[in-house]
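Numbers restart at 1 for each chain; the letters A, B, ... are given by sequence-line order, proteins then strands.
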2 protein chains.
Amino acid sequence: MSDAPDQPSLGPLPGYIGYNLRRAQAASFRHLDAVTPGIDLSPGQFSLLTFLEANPDASQTAITRAFGIDKSTLSPVLDGFSRRGLITRKRAAHDRRTNALRLTAAGLALLARMRARVEAQEALMAAVLEPGEQERLLDMLQRVTDALETDRTAAAAE
Amino acid sequence: MSDAPDQPSLGPLPGYIGYNLRRAQAASFRHLDAVTPGIDLSPGQFSLLTFLEANPDASQTAITRAFGIDKSTLSPVLDGFSRRGLITRKRAAHDRRTNALRLTAAGLALLARMRARVEAQEALMAAVLEPGEQERLLDMLQRVTDALETDRTAAAAE
DNA sequence: TATTGTTATACTCTATAACTATA
DNA sequence: TATAGTTATAGAGTATAACAATA
């Protein structure tokens with residue numbers, strides 16, 4: 001007890017939106033990992049499977065466009081899905097350069113299990129928001145994301 | 001133009017808080033990286049330097065507690081700071097196991113430059129929020145983070 | 001020539017485990 | 001014995017560049 005050496009200060013960090021976004025995102029990630037033993041899907045992988053459910057026969061390029069990731073990032077992830085029997089990759093007839101991706105029955109089943117956990121986490125978050133706040137939160141996050149992306153791409157164009 | 005093959009759907013993802021947190025955080029990270037050429041500090045590294053400014057002579061363990069990272073994650077980051085002349089690490093007199101960390105003048109200067117960019121990014125985000133919304137956003141993020149951490153640690157305790 | 005996808009490679013962030021030195 | 005810090009190592013997530021196949 002002699003040992004509590006002044007509460008350390010975080011300085012201006014707690015007042016930053018960016019810092020709090022990072023903390024919330026990290027908490028969401030860790031929480032989901034903790035409540036999904038035996039599922040072994042990251043949030044990003046869950047997003048990919050969700051996309052494939054909504055867009056059967058999507059190409060890999062369609063995925064990279066939807067999520068803003070590089071094709072070289074995606075390939076090995078899909079290798080893993082394929083090895084685990086969660087998806088099939090077939091050469092598309094109309095353009096034999098592209099892969100037509102599909103969830104297997106096992107992929108759909110795992111996605112359903114994961115979605116239940118994700119939605120339980122969403123419920124947990126919603127439970128600490130007042131009526132109407134959740135919609136406001138989503139809307140604000142959307143606006144903030146758009147503002148940052150717009151400015152970044154404008155800055156990149158000099 | 002014959003080529004727009006139906007808008008792909010993201011399914012339920014855009015309705016999830018978690019998905020939007022991830023997107024916003026990633027946008028913040030990328031944006032900051034784009035507007036800080038020549039500074040070479042990640043958001044996490046900026047947090048560390050900010051902490052050291054607010055807590056001179058802090059120990060490494062104090063930092064790991066404040067940010068929830070492992071000591072083995074921190075050591076190499078501090079090696080980098082030290083090599084770049086941003087901090088000093090001295091053995092503490094009162095307990096020679098612990099390091100007393102301090103920003104150098106160069107560290108303070110780089111931190112000040114980075115903080116200006118961070119606060120410009122904050123202003124960009126604030127600009128798309130209505131009066132009062134920023135405080136609401138910070139408060140909601142805080143509540144959500146707390147709810148997730150509480151549930152995760154409760155679940156971990158069986 | 002341009003596009004789709006794969007692979008080699010590398011960098012960052014994170015952790016666990018084994019270690020040294022101090023307490 | 002317990003704690004502070006370092007180091008070896010590994011795994012996830014990301015990217016760039018070079019490549020093969022196809023358009």
Round to the nearest Å and state the distance from [X] atom [atom1] to [N] atom [atom2].
| X | N | atom1 | atom2 | answer |
| --- | --- | --- | --- | --- |
| A:F81 | C:dT6 | CZ | P | 14 Å |
| B:Q25 | D:dT14 | CD | P | 11 Å |
| B:D79 | C:dT12 | CG | P | 14 Å |
| A:R65 | C:dT3 | CZ | P | 11 Å |
| B:L101 | D:dA4 | CG | C1' | 12 Å |
| B:F29 | C:dT12 | CZ | C1' | 8 Å |
| B:D33 | C:dT12 | CG | C1' | 12 Å |
| B:Q60 | D:dT3 | CD | C1' | 13 Å |

field: SB check B:R143 B:D139 (cutoff 4.0 Å)
entry: yes

- prompt: Do A:E149 and B:R23 meet the salt-bridge criterion of a basic N to acidic O distance under 4.0 Å?
  reply: no

message: Given 3.5 Å as the limit, does a donor-acceptor pair link the side chain of A:S82 with the main chain of A:L78, or not?
response: no

task: Spell out, as yes or no, whether a donor-acceptor pair under 3.5 Å connects the side chain of A:T104 to the backbone of A:L86.
output: yes

field: Flag for B:Q121-B:S28: side-chain donor and acceptor within less than 3.5 Å
entry: yes

message: What does the B/S/- profile of nucleotides 15-23 of chain C look like, 5' to 3', with a 4.0 Å heavy-atom cutoff to protein?
response: BBB----BS

message: Applying a 4.0 Å non-hydrogen cut-off, can you work out what A:T61 is touching in the nucleic acid: base, sugar-phosphate, or nothing?
response: sugar-phosphate

- prompt: Is the closest side-chain heavy-atom distance between A:R115 and A:F46 below 4.5 Å?
  reply: yes

field: Inter- and intrachain pairs under salt bridge (charged side-chain N to carboxylate O under 4.0 Å, His left out), touching residues 94-108 of chain B, at least two apart
entry: B:D57-B:R102, B:D95-B:R97

message: I need the A:L21 CG to A:L141 CG distance, nearest 0.5 Å.
response: 6.5 Å

field: Near-strand residues of residues 35-53 of chain B, defined as heavy-atom separation under 4.0 angstrom from DNA chain C
entry: B:S42, B:Q45

task: Measure across A:F51 and A:A58 and return the closest heavy-atom pair with its distance rounded to 0.1 Å.
output: CE2-CB, 3.8 Å

